[in-house]
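Below is one structure, written out as structure tokens, with a few remarks after it.
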Amino acid sequence: YNEKNAVQGAVPSVTNANYPIDFSEVVIPVTSGSFTASTAVTEAGGYLTLNSTIALNFEIKTTKTITEDDLLILNNENKKVDPANITLTAIEGGYRIQISNIGASKLSRTYTLTIKGDNTFKVTYSVYTYCYNAQSNPNAAFTATLKTLCKAIYSYGEAAKAYTASLSK
């Protein structure tokens, strides 16, 4: 993936003339994803879509026909993702599976995608996995702007998580 299709949608400004924000000191901790191939799924990748909400996208390469009923997506709390927040789209050579409406306080959650009937395929990814990979990737496609944006997303997610936790005290 390159920067053009790695972050789709409007990219918000991370600097305001009156309130400059310096993300140079933000370090995104190691957040790994995982992928286990199978005979049906040979490749998987992830990226973000930024609009009024954040969505996590999986792209898988497969010759197998997949329907929404074939998908099982669990978060790291072992809870099934609401099917209303999952969109399956056929793309060349496979499918895009989008998990939409990820709340700010939930950006650190990981999501594990499995396909029912395929006992070996599994991919785990998160918004923070994408951000960590963008920050640590030496590839020129991951520009300073994208790295700064990912640091801003991480900072925003951590602040929202802390705020949400303070409400339950």
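A heavy-atom distance below 4.5 Å is found between the side chains of Ile153 and Leu50. Side-chain contact between Asn75 and Lys106 is absent, with no heavy-atom pair separated by less than 4.5 Å. Put simply, the side chain of Asp70 does not reach to within 4.5 Å of the side chain of Leu88, judged on heavy atoms. The shortest distance between side-chain heavy atoms of Ile66 and Ile60 falls below 4.5 Å. With contacts defined as side-chain heavy-atom distances shorter than 4.5 Å, the pair Ile102/Tyr111 qualifies. Side-chain contact between Leu48 and Leu56 is present, with at least one heavy-atom pair separated by less than 4.5 Å.
The number of heavy-atom neighbours closer than 6.0 Å to NZ of Lys122, taken from other residues, nucleotides and ligands shown, is 12 or below.
The aromatic ring centres of Tyr128 and Tyr154 sit less than 6.0 Å apart.
Here the CD1-CD1 distance, from Ile54 to Ile99, works out to 13.0 Å after rounding to the nearest 0.5 Å.
Of the options Thr112, Asn76, Leu113, a side chain to side chain contact (heavy atoms under 4.5 Å, CB included) to Thr124 is made by Thr112 and by none of the others.
The two residues Thr164 and Ser105 come nearest to each other via the heavy atoms OG1-CB, 3.3 Å. Between Tyr130 and Tyr125, the shortest heavy-atom contact is CA-OH, 3.5 Å. Here the closest heavy-atom approach between residue Lys147 and residue Ala134 is recorded as CE-O, 3.3 Å. When all heavy atoms of Arg96 and Tyr47 are compared, the pair lying nearest together is NE-OH, 2.6 Å.
Linking Ile, Leu, Val, Met, Phe, Trp and Tyr whenever their side-chain heavy atoms come within less than 4.5 Å puts Ile86 and Phe58 in one cluster.
Side-chain atoms of Ser166 come within 3.5 Å of backbone N or O of Tyr163 as a donor-acceptor pair.
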